[in-house]
Structures are given as C-alpha cells and as structure tokens.
Amino acid sequence: MTQSLQRLELVVADLNVDGGAVARHEGRVVFLDRGLPGEKVLAEVTGEKKRVLLARVVESLSPSPDAVESFCSHFGTCGGCSMQNYAYPAQLELKRKQAAQVFSRIGGIDLAAVPGLCPEGESLPGIIPSPEQRGFRNKMEYAFGEAGGAVSVGLRRRASHEVLDIEGCPLQGPAAGAVLGAVRSWANQHGLSVWKEEPARRGASGKDSSNAADRAVGRGNTEQDDNVTGQGADVAGMSAHAGDSGTGDAVRRDGCLRYLVLRQPEYIREGQAQLVVELICGTHLPEKNLVEELWEALSACGVSSFVLSQRRARLGVARGERTFRVFGNRSIWEDFGGLLLEFPVSGFSQTNTGAATLLYKEAARFAAGDGVGPAGAAGDAGSGKLYSELWDLYSGVGALALGMSNLAGKTLGVELDEKAVKLANVNAARLGKGSCRFVDGDAAAFMESLHWRESRPRLLPQGFSGPDLLVADPPRSGMSPRILKSIKQCRPRSIVYVSCDPATQARDIAGLSDCYKLESLTLVDMFPHTPHVECVCRLTLRG
C-alpha cells in the first residue's frame with residue numbers, strides 16, 4: 001500500500017533565482033515549484049533532506065497581494081517566464097533584494113553599509129526598469145520537437161525538455177508568429193527529422209539504426225557556396241563532432257532540426273524593417289532545394305536575412321558551430337540611443353534594446369566617475385580625457401568601448417569573435433572614432449602579455465602599454481582567475497564591470513577586494529518576468 005504524501009499549508013516568503021518559490025515550515029526551508037511572495041498554498045511534500053523539504057503546490061488558498069493576471073495563454077506551462085503573474089514593481093523590488101543577498105553571501109559586501117552603493121535613505125541597490133515589459137525582446141531562441149507524429153516548434157515546457165508548440169510569444173514582436181508557422185509547415189511537408197537524444201540502439205550489424213524520416217535530408221550535404229562563413233569564434237575549442245554517436249556515453253544524438261533563432265532589431269534601416277531567421281541543424285542538413293524553398297517562404301513573411309548553420313556538439317545552446325548558407329543581408333543594425341552599431345547577422349547582441357541603451361549610458365556614467373544610483377536616460381558622459389587608455393576585454397562590436405571612448409586618449413577592444421572584431425573596427429571608422437582599435441584574441445592572454453618577459457612575444461598593438469580604465473562584460477561564468485590576477489598586476493585606476501549574473505560578478509569583485517573598492521552599483525532590468533537581472537559596477541584602486 002502506497003503511503004500518502006504529506007500536505008502542508010504554507011505562506012510563500014520568497015522566490016529563488018530559478019523562478020521557484022521558498023517557504024518555511026517548523027524551522028525548515030521548503031522549496032516549492034511555484035508560488036508568489038505572500039501567497040498561501042497547499043503543497044505536497046515530494047522530497048526531504050536534512051534541513052530542506054521539496055514540495056509541489058497543489059492548490060492556491062489565497063493570492064499574493066502582488067498577483068496580477070498573466071498576459072500569455074502559455075504562462076505556467078511554458079518555461080520561458082516564471083514571474084509574469086507578479087506585478088512589475090514587485091519584480092523589481094525582488095531583484096533588488098536578491099542582488100543584495102548575493103553580494104552579501106558571495107561577495108562579503110553589505111551594500112547597505114557602504115556609503116553610495118544604495119540610493120539615499122534606502123538599503124537596497126537602485127534598479128533601472130525595462131522601458132517595455134512586452135514585445136521588448138529582439139531575439140528569441142525556439143526549439144524543435146515532435147507531437148503526435150508532427151514537427152512542433154516553440155519553447156520548452158516548464159521543468160521539461162518537451163517542446164510546447166506555440167504560435168508566437170508576446171515578449172517578441174508579432175512577426176514571429178508568421179515565421180514559426182512557415183517553418184512548421186515546411187518541416188512537416190517534407191518529413192524532416194527532429195534532433196533527439198536517446199539511448200543508442202544497435203541493429204543486427206552492430207551499427208546505430210537510422211531514422212526513416214530522413215528521406216528528404218542529405219546526411220553528407222556539406223556543400224558550400226559563396227555565402228559560406230567560417231566557424232564562429234564564440235564556440236572556439238568545441239569539437240564540431242562532439243555530439244556524434246559513438247562518443248562513449250551510450251547516447252544516440254540524431255536529427256536535422258534543432259533550434260530556430262529569430263532576431264528582430266528595432267532599427268529601421270533605409271526604410272526596411274529587419275527580421276533575421278537562423279535555422280540551426282543537428283547531425284543532418286536539409287537538401288539544398290529545400291533550404292531555398294524555405295528562404296522563399298520566409299521572404300514572403302518579411303524576413304530580411306536567413307542563416308543555415310549546424311550544431312553537432314552535445315551542449316544544448318542555440319548557437320551554430322558552422323554556417324553553411326546566408327541569404328539576404330549579412331549584417332544587422334541597432335541604434336542604442338544614437339550609437340548606431342552594425343552586428344554580424346548571427347552574432348551576439350543584447351536582447352532588450354531599450355534596456356541595453358540605459359545600461360550602456362549607466363556604464364559610461366560610472367566610467368566618468370559621476371555619482372551613484374540610476375542615471376535613467378541621462379545624456380553624454382562628458383568629453384574630457386580622464387584616462388590615457390581604455391581597454392574593453394570582451395568588446396563584441398564595440399558597444400561599451402565606443403560609447404565611452406571620449407573619456408580616453410586611446411581605446412583598445414579585445415574580442416574572440418573575428419567577425420565581431422571586423423565590424424567593431426568598421427563601427428569605429430563610421431563613427432569617427434580614430435583613436436579606437438579592436439583586435440581578436442583571448443582576454444586573459446592579452447592581460448598576461450603586459451607582464452611577459454621581453455624574450456616572449458607581446459600581443460599589444462603598437463602604441464598601447466596598459467589600461468587605466470578597464471571595462472569588462474564577460475559571459476555569465478564571469479572572469480577567469482588568470483584575468484583577475486593580471487588585473488591586480490597591471491592595476492588600472494578604474495574598472496567598470498557589467499554582468500548578467502550578479503553571483504559570479506560578486507565572486508570576482510571579492511577576488512579583487514584586496515586591491516579594489518566597490519564604489520558604485522546599479523541594476524538594470526534587461527529580462528522582465530524572469531529572475532534574471534543585469535548589474536553594472538564601478539571599482540576603484542585602493543590607496
């Protein structure tokens with residue numbers, strides 16, 4: 001006889017960084033799959049550890065005072081948003097509180113105890129709201145799945161790898177619906193297979209069995225034409241075949257359709273809207289005639305660029321390792337408050353243009369040493385040359401470096417992606433920033449080259465000797481110990497550190513604390529309706 005699970009009446013106290021809820025019961029922490037602060041719920045215990053309970057909410061007994069109606073029919077099922085039913089001012093307050101907790105727990109910094117780190121009279125850091133809370137995403141990453149024998153395209157279900165077939169997302173513009181429909185129809189018409197990961201099955205020959213749905217797919221189709229671009233440097237070091245069967249992990253990875261990425265910049269270039277579609281395939285590519293057919297269908301939806309790429313590596317991120325075809329425009333353009341930048345058609349750019357514009361202005365204000373607290377839509381950081389050299393260690397196409405280059409005599413940007421480096425220099429020339437130079441390379445190696453003996457080659461371009469203003473906007477994983485060590489050796493006067501993960505940022509700031517003091521901090525809500533937030537900090541050299 002199965003023992004019934006324990007049920008508890010709980011009041012949600014907080015949300016965690018993964019979007020789940022937190023409550024307490026008899027001195028123990030209870031992690032819930034959902035809920036809002038102040039909501040009273042009936043929950044069923046599903047797991048137990050020494051000091052923690054895991055539970056699933058089965059009924060809401062009374063709502064949170066900050067509960068609102070969600071605006072998406074898929075909310076609660078789709079894993080994209082976890083706080084859409086939480087009032088936006090309450091979302092902002094929660095992110096302020098969680099950032100303060102992270103800096104205290106990981107960075108050892110009590111933000112309220114340090115003068116200037118919080119707005120006057122407050123105990124939490126300031127936050128700049130997103131200008132828009134709907135339709136703000138200029139990029140969405142969709143996945144392919146199967147349902148009832150048909151191809152589906154949409155977003156992952158909550159806490160699942162299953163794909164929820166959707167017609168569009170209210171966080172992105174309405175054009176997405178037509179594109180999703182066109183791709184779904186094309187995939188089903190031609191019986192294309194979907195990327196799967198499952199235990200390898202062995203036939204009589206001892207080889208993996210093949211998928212009969214690949215009749216329309218060219219397994220060895222690596223035909224390249226004049227539209228070929230090289231492997232993206234943002235996946236440098238990953239094997240293009242790391243996801244093949246036979247890797248020894250007894251998992252068979254197979255299928256054509258893997259991800260669909262839609263980019264819709266706000267900037268209208270030469271009277272034409274921009275809409276970019278990237279189809280990321282797995283082990284197989286569609287036949288050339290099918291790709292051209294899809295391009296025709298997408299063109300009818302207003303798509304200005306179509307990219308066909310492939311990702312065979314097992315790591316599940318929507319980023320192609322190799323690009324095979326590019327139709328239409330090869331670049332996209334975006335305007336960040338008067339800073340007009342050109343990006344690679346499938347390169348990195350911030351997903352919320354309005355909030356990114358405010359983030360870049362706040363970073364420039366911090367670089368200029370101007371005050372503390374949100375700058376909102378404040379203007380130019382000033383024209384004085386406060387620094388001799390500005391270095392941006394993860395420069396991309398130059399958004400941060402070009403936005404504050406007027407503060408320095410010379411500006412150097414370092415970036416791994418060669419396509420981004422090329423366009424960064426193009427952007428600098430077009431904007432008349434003759435003192436700016438961007439080079440491809442590894443940030444850690446560049447910083448370490450400042451201290452290499454003369455017998456070893458130096459990576460620095462002629463005329464550069466080392467930064468007195470350092471700018472860093474690293475990946476979510478933060479800066480490596482090698483970079484932190486080099487920063488403390490070359491000792492720039494000021495550091496402006498931008499991060500999409502306050503936890504790794506707090507860790508890195510703690511690692512620099514023997515040489516640097518945290519002077520300013522502001523949050524920017526780049527990701528409404530999720531627990532995520534961007535954080536920009538300014539550090540100054542001690543003594």
Side-chain angles (χ1 to χ4, degrees), residues 139 141-146 151-156 161-163 183 186-187 190-203 206-225 227-263 276-288 290-291 294-295 306-327 344-348 416-419 475 477:
K139 176 189 175 186
E141 299 171 351
Y142 300 93
F144 288 95
E146 287 181 335
V151 173
S152 56
V153 56
L155 300 171
R156 305 282 184 193
H161 288 291
E162 184 182 349
V163 173
V183 174
W186 169 81
H190 297 292
L192 297 177
S193 63
V194 171
W195 172 268
K196 292 181 179 178
E197 295 191 10
E198 56 189 19
R201 293 174 295 173
R202 300 289 176 178
K207 295 181 179 180
D208 291 337
S209 57
S210 60
N211 191 331
D214 292 323
R215 295 186 303 273
V217 176
R219 286 182 178 270
N221 182 9
T222 56
E223 178 180 355
Q224 302 184 27
D225 60 13
N227 289 324
V228 170
T229 59
Q231 178 177 335
D234 52 1
V235 290
M238 294 184 183
S239 168
H241 303 282
D244 290 354
S245 299
T247 56
D249 57 3
V251 174
R252 177 176 180 266
R253 299 177 179 87
D254 193 31
C256 175
L257 306 175
R258 195 168 182 184
Y259 299 107
L260 188 74
V261 180
L262 272 63
R263 293 177 173 86
V276 179
V277 174
E278 181 176 6
L279 175 63
I280 303 175
C281 295
T283 52
H284 320 327
L285 298 177
E287 294 284 6
K288 182 177 179 181
L290 299 188
V291 175
L294 178 58
W295 167 234
F306 171 44
V307 180
L308 175 68
S309 65
Q310 185 178 40
R311 180 175 188 83
R312 304 181 71 170
R314 62 185 297 179
L315 184 62
V317 293
R319 190 160 56 227
E321 296 169 300
R322 188 178 182 187
T323 300
F324 286 89
R325 301 288 298 273
V326 179
F327 298 86
V345 71
S346 57
F348 171 80
L416 271 174
D417 188 339
E418 294 180 5
K419 295 189 293 293
S477 56

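- With respect to Val151, the side chain to side chain contact (heavy atoms under 4.5 Å, CB included) criterion is satisfied by exactly one of Leu192, Val183, Leu257: Leu257.
- Note that CD of Glu287 is 11.0 Å distant from NE2 of His190, once rounded to the nearest 0.5 Å.
- Here the CG-CG distance, from Leu285 to Leu279, works out to 9.0 Å after rounding to the nearest 0.5 Å.
- A heavy-atom distance below 4.5 Å is not found between the side chains of Glu141 and Val317.
- Here the side chains of Leu155 and Tyr142 are in contact, with some heavy-atom distance below 4.5 Å.
- Between Glu278 and the options Arg263, Lys139, Arg258, Arg319, a salt bridge (charged side-chain N to carboxylate O under 4.0 Å, His left out) holds for only Arg263.
- Minimum interatomic distance between Val163 and Gly154 (heavy atoms only, all atoms of both residues): CG1-N, 3.6 Å.
- A donor-acceptor distance shorter than 3.5 angstrom exists from the side chain of Ser193 to the backbone of Cys256, with no hydrogens or angles considered.
- Contact record, Gly282 with Gln310: O-NE2, 2.9 Å, taken as the closest heavy-atom pair.
- The backbone N or O of His161 sits less than 3.5 Å from a side-chain atom of Arg156, completing a donor-acceptor pair.
- Taking every heavy atom of both residues into account, Pro286 and Cys281 meet most closely at CD-SG, 3.6 Å.
- The line from CZ of Arg312 to CG of Asp254 is 9.5 Å long, rounded to the nearest 0.5 Å.
- For the ring-ring contact (aromatic ring centres under 6.0 Å, His included) with Phe306, the lone residue among Phe324, Phe327, Trp186 that qualifies is Phe327.
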